[in-house]
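Atoms within each ligand, like the ligands themselves, are counted from 1 in listed order. Every value quoted in this text rests on a predicted model; they were computed, and no experiment measured them.
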Amino acid sequence: MNDTFLKACRGEKVEFTPVWIMRQAGRYLKEYRSVRSKADFLTMCKNPELVAEVTLQPIDILNVDAAILFSDILIPCEAMGQGLEFQENKGPILFPAIRDEETVNSLVVSDPEDTMKFVMDSIRLLRKELAGRVPLIGFAGAPFTTATYMIEGGTSKNFLFTKRMIFEAPELYKKFMNKVTATITEYLKAQISAGAQAIQIFDTWGGIFSPRDFREYALKYVQDIIRDLKEWQDKENLAQVPIIYFVGETAGLLEEIRTSGADVYGVDWRINMDDAIKRLGDNPVVQGNLDPLALFLPPDKIEVRVKDILGRSASARGHIFNLGHGVVPQTDPEHVIALVEMVHKFSRTIQ
Ligand code: CP3
């Protein structure tokens with residue numbers, strides 16, 4: 001089995017730098033588009049056979065060192081009772097938007113094996129089909145990032161309704177966030193029980209905050225989840241699965257992020273990796289940090305950036321190569337294949 005990814009997460013010695021790509025199963029692959037042409041996105045997410053098929057595509061095509069469950073961070077919103085649709089070229093729509101006491105009270109914290117059983121069935125099927133080839137990463141949105149979609153009713157530019165709830169009705173926000181946090185905690189426990197071998201928590205929109213507000217309104221709930229997951233695994237005598245915390249716009253928040261309790265920190269491309277490592281302190285394990293749009297460079301120019309990131313990551317206890325955010329649909333898959341090859345090749349010579 002290729003367990004290089006898990007070893008790197010634990011800060012153990014590895015023969016090469018493992019690599020996977022955020023959104024590695026997606027529209028830039030014609031194999032994905034072919035499955036997607038027959039089913040809409042949510043239907044795919046709810047069908048374990050289709051989930052397994054598209055999750056495995058990048059393992060075969062790219063030769064990455066980890067699989068990430070094909071799903072979406074908005075699945076738990078539906079499980080809490082909110083309507084969810086993905087409209088073609090418009091992104092997600094959630095209804096009704098959660099903006100007052102009544103809508104917050106209408107949300108339920110349910111058993112994920114009831115309301116999101118298809119996710120756990122997908123994980124169980126994938127572990128069988130992967131047969132140890134590479135580890136399987138499970139994931140969830142962080143409570144704050146998930147909450148922005150629930151409050152705004154979809155994607156947002158300035159997060160007006162979210163910040164208004166935070167500043168005008170902080171007690172309501174807290175009550176709402178405690179429900180979201182409980183849902184995500186139980187969801188991640190169910191994923192680990194079903195066989196997820198690592199967990200990534202996506203806090204894509206964490207960077208819209210000042211550091212003090214990030215701590216109070218976003219990070220606190222992530223700390224609660226990570227503490228709860230670790231205590232629960234100890235109590236159940238389970239081996240601890242590595243927890244990766246990814247925050248978008250990382251650079252202003254590294255001193256906060258390092259108190260999250262995560263085992264691995266995602267780093268975007270807006271900061272040099274060696275600076276991020278210094279500011280995270282305590283010999284961290286890091287993941288990242290190539291600009292996803294750098295994949296539009298010709299491969300010989302991508303190479304320069306790969307070597308630079310590998311060099312700058314050498315001071316970390318562990319490094320998992322990745323993009324600083326998801327691969328975009330217009331990307332040439334050949335460049336992604338070349339990227340994975342380069343990471344494997346150059347990291348062997350550096351170490
Ligand atoms: O990384 C992976 O390959 C695993 C699958 C995955 C998806 N979404 C599939 C997806 C993961 C981990 C996510 C996370 C996710 N979803 C995040 C956090 C990370 C990030 O990218 O910021 C967020 C904010 C979402 C919410 C979301 N999902 C939006 C805003 C959209 C619409 C925009 C878009 O890209 O179409 C989605 C849809 C979505 N999620 C697609 C995929 C492959 C595209 C669906 C399609 O085929 O049309």
Side-chain angles (χ1 to χ4, degrees), residues 19-47 50-59 61-62 64 66-78 82 84-94 119 122-123 126 134 136-157 159 162 184 187-188 191 196 198-208 218 222 244-250 266 268-269 287-288 292 320 322-331 333 336:
V19 50
W20 68 279
I21 308 289
M22 285 194 266
R23 287 274 180 102
Q24 62 190 18
R27 287 165 296 191
Y28 73 106
L29 291 177
K30 65 176 186 314
E31 294 82 356
Y32 173 86
R33 293 195 300 270
S34 156
V35 178
R36 177 73 171 74
S37 66
K38 290 173 240 146
D40 66 59
F41 176 64
L42 260 187
T43 306
M44 278 172 67
C45 289
K46 292 179 182 178
N47 179 321
L50 293 181
V51 168
E53 183 180 349
V54 296
T55 300
L56 294 174
Q57 284 174 351
I59 313 307
I61 299 166
L62 307 178
V64 281
I68 180 157
L69 170 75
F70 182 81
S71 188
D72 199 83
I73 64 159
L74 303 179
I75 295 289
C77 309
E78 201 179 37
Q82 207 176 15
L84 170 64
E85 277 174 22
F86 284 86
Q87 299 188 343
E88 283 312 316
N89 306 319
K90 264 178 115 185
I93 314 272
L94 293 118
V119 173
S122 300
I123 292 173
L126 270 163
V134 291
L136 177 64
I137 306 170
F139 71 87
F144 169 69
T145 289
T146 306
T148 66
Y149 287 93
M150 298 179 79
I151 297 170
E152 304 293 332
T155 306
S156 173
K157 278 210 172 70
F159 302 93
T162 308
I184 291 171
Y187 182 43
L188 289 175
Q191 290 190 32
I199 291 293
Q200 176 151 320
I201 299 175
F202 285 90
D203 223 346
T204 306
W205 302 120
I208 69 161
V222 173
I244 307 166
Y245 184 36
F246 167 80
V247 182
E249 311 250 354
T250 337
D268 72 15
W269 63 93
Q287 175 176 281
I320 297 126
N322 205 319
L323 306 179
H325 200 176
V327 57
V328 304
Q330 297 82 358
T331 307
V336 189

Where is the nearest protein heavy atom to atom 14 (C) of ligand 1: which residue, which atom, and how far?
-> I73 CG2, 3.7 Å
If every non-hydrogen atom of A66 is compared with every non-hydrogen atom of W20, which pair is closest and at what distance?
-> O-CB, 4.0 Å
Would you say Y28 and R23 make side-chain contact, with heavy atoms under 4.5 Å?
-> no
If you compare F41, W20, Y149 by their heavy atoms, the one closest to atom 39 (C) of ligand 1 turns out to be F41
Under a 4.5 Å cut-off applied to non-hydrogen side-chain atoms, are I59 and V64 in contact?
-> yes
Provide, to 0.1 Å, the distance between atom 40 (N) of ligand 1 and the closest protein heavy atom, together with that atom's residue and name.
-> D72 OD1, 2.7 Å
So which heavy atom in the protein is nearest atom 47 (O) of ligand 1, and how far is it from that ligand atom?
-> Y32 OH, 2.5 Å
Structural part of L69 in contact with ligand 1, heavy atom criterion under 4.0 angstrom | backbone
Between atom CD1 of I320 and atom CD of Q200, what is the distance when rounded to the nearest 0.5 Å?
-> 9.0 Å
Heavy-atom distances under 4.0 Å are what count here, so tell me which part of S71 touches ligand 1: side chain, backbone, both or neither.
-> backbone
Any side-chain heavy atom of I68 within less than 4.5 Å of one from I21?
-> no
Heavy-atom gap G326 to ligand 1 smaller than 4.0 Å | no
Flag the pair F144 / T162 as yes when at least one side-chain heavy-atom distance between them is below 4.5 Å, and no otherwise.
-> yes
Under 4.0 Å from any heavy atom of A25, which atoms of ligand 1 are there?
-> 3 (O), 43 (C)
For atom 13 (C) of ligand 1, the closest protein heavy atom turns out to be R23 NE, 3.7 Å
Per-atom filter on ligand 1: closer than 4.0 angstrom to a heavy atom of F70 are 43 (C)
Hey, is ligand 1 close enough to H325 that some N/O pair sits below 3.5 Å?
-> yes
Residue selection (non-hydrogen contact nearest atom 46 (C) of ligand 1) among K90, Q57, R36, Q200 = R36
Distance to 0.1 Å, residue and atom name: give those for the protein heavy atom nearest to atom 34 (C) of ligand 1.
-> R27 NH2, 3.1 Å
Would you kindly specify which portion of F246 sits under 4.0 Å from ligand 1, judged on non-hydrogen atoms: side chain, backbone, both or neither?
-> neither
Out of curiosity, E53 CD to E31 CD, how far, rounded to the nearest 0.5 Å?
-> 10.0 Å
With a 4.5 Å limit on heavy-atom distance, are the side chains of K90 and T155 in contact?
-> no
Any idea which protein heavy atom is nearest atom 11 (C) of ligand 1, and the distance to it?
-> F139 CZ, 3.7 Å
So, do K38 and L50 sit near enough that their side-chain heavy atoms are less than 4.5 Å apart?
-> no
So which bit of E88 gets within less than 4.0 Å of ligand 1, heavy atoms only: side chain, backbone, both or neither?
-> neither
Aromatic ring centroids of F246 and F139 under 6.0 Å?
-> no
Ranked by distance from atom 18 (C) of ligand 1, the top protein heavy atom is T204 OG1, 3.3 Å
So which of D72, N47, L74, I75 actually passes side-chain contact (heavy atoms from CB on, under 4.5 Å) with L42?
-> I75
Any nitrogen or oxygen of T145, main chain or side chain, under 3.5 Å from a nitrogen or oxygen of ligand 1?
-> no
Would you call T145 and F202 a side-chain contact if the rule is heavy atoms closer than 4.5 Å?
-> no
Can you confirm whether something in the protein, heavy atoms only, sits under 4.0 Å from atom 25 (C) of ligand 1?
-> yes
What is the nearest protein non-hydrogen atom to atom 38 (C) of ligand 1, stated with its residue, atom name and distance?
-> F86 CE2, 3.6 Å
